Amino acid sequence: MPSREELTPATATITIAGVNIGSPVPANHRRYIYYIQAENQFAGANVLQFLRTLVVMDHIGLGVAIGDMFANPDELKEDSLPLYIAEAAEQLNAITDAGDAFLRILYVDAP
Amino acid sequence: MQAVVEKKSHEDLWLQEGHLLALQFSEGWVCTRILGKEHSNVKPYVLSASLAAGGSLAAWNTLADAAARRYPEPPEEDYIHHYFWGVNKPKVRVYFQYQSRDDRNSLVEATRALGGDVGYVDGDMSPYNGPFSLKTEFISVFQIYPAVNLFNPLADAMPLVALNLDVMRYSYEIIKDPDTIRSILLGGRRARTYTVGGIDPSPVSIPNWLANIVSKDVLKWTKAVVRGETA
């Protein structure tokens, strides 16, 4: 994992309509996502899909209570490898199937 | 497992008392002997509170304080400034002009463009707390100083882009003995040589006050010595 100066946070409240997260990946760069945290804002089971442009990268299942949280990894270390990689010009987005969820990621853009 | 490249510390390149330093200007070489040294630094020097995505500074920055006194430029003729720097954002691209309006570090016939992929040093190469890249080395005399600009290649704004400048100030004496100058320039004596500014299109022009001390004839003669045209 690169240094803390490189880490960029992006947050969004994800809805069933789908929401973009952060900015598009710049040209000649890839986006390395090192940390993801999702928190259910819906009082019921909720599944969050995490996508790069139209490609689904992950499904995150959130429990029935508001505030149920998923975080990966538990502990971000200096030599952590990225969880997801998005390519140049792609846009990260997410969509839920039942209600709102709060999403936070930490990422680095690098050539 | 990541391979790690060990960098030589820039502090190994500070000159000591008694060392010889030869500065190449476009008119010729000025040979000096270092008499004394004193350390200083500027940390942080904030170049931008927020650098927009794809953005640069509104104007080239000469690294001056609030009273417009430029840190890289010695405040009087008696000193030489020797400095290295690092920047706190790994992907910010730092470009230089030396002197102002002379774009440096081009590669092909076209002059490198601000924001292009050519001719910059970024924070990955020279991080804020070191080790500083040796590419960041500058030596300046009175009335000679660089100008810096930035480019943010990312899609997100960079907050608080700052330099860490590590400076050694030297007092010096100009060497006028032709045999000593000749042995410095031809390698007979161990000396530090430095091209002020760069080579494309030419090194920085010598300031008038220094040209008057050294004399234009001596400067022209030093070029002939380097070319091997003198006995």
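In what follows, chains are A, B, ... by sequence order, proteins preceding strands, each numbered from 1. The structure displayed is predicted, hence computed values, not measured ones.
- Within the 4.5 angstrom heavy-atom criterion, atoms from both the backbone and the side chain of Ala110(A) approach chain B.
- The local environment of CD in Glu38(B) is sparse, with at most 12 non-hydrogen atoms from other residues, nucleotides or ligands closer than 6.0 Å.
- Residues Pro90(B) and Glu6(A) come closest through the heavy atom pair CG-CG, 2.9 Å.
- Neither the backbone nor the side chain of Pro159(B) has a heavy atom closer than 4.5 Å to any heavy atom of chain A.
- Within 6.0 Å of CZ on Arg227(B) lie more than 12 heavy atoms contributed by other residues, nucleotides or ligands.
- Residues Asp156(B) and Asp109(A) are in side-chain contact: their nearest non-hydrogen atoms beyond the backbone lie under 4.5 Å apart.
- Around CG of Asn28(A), the count of heavy atoms belonging to other residues, nucleotides or ligands within 6.0 Å does not exceed 12.
- Annotation for Ser23(A) and Ala155(B): closest pair OG-CB, 3.3 Å, computed over non-hydrogen atoms.
- If you take CG on Asp124(B) and OG on Ser3(A), they are separated by 8.0 Å, rounding to the nearest 0.5 Å.
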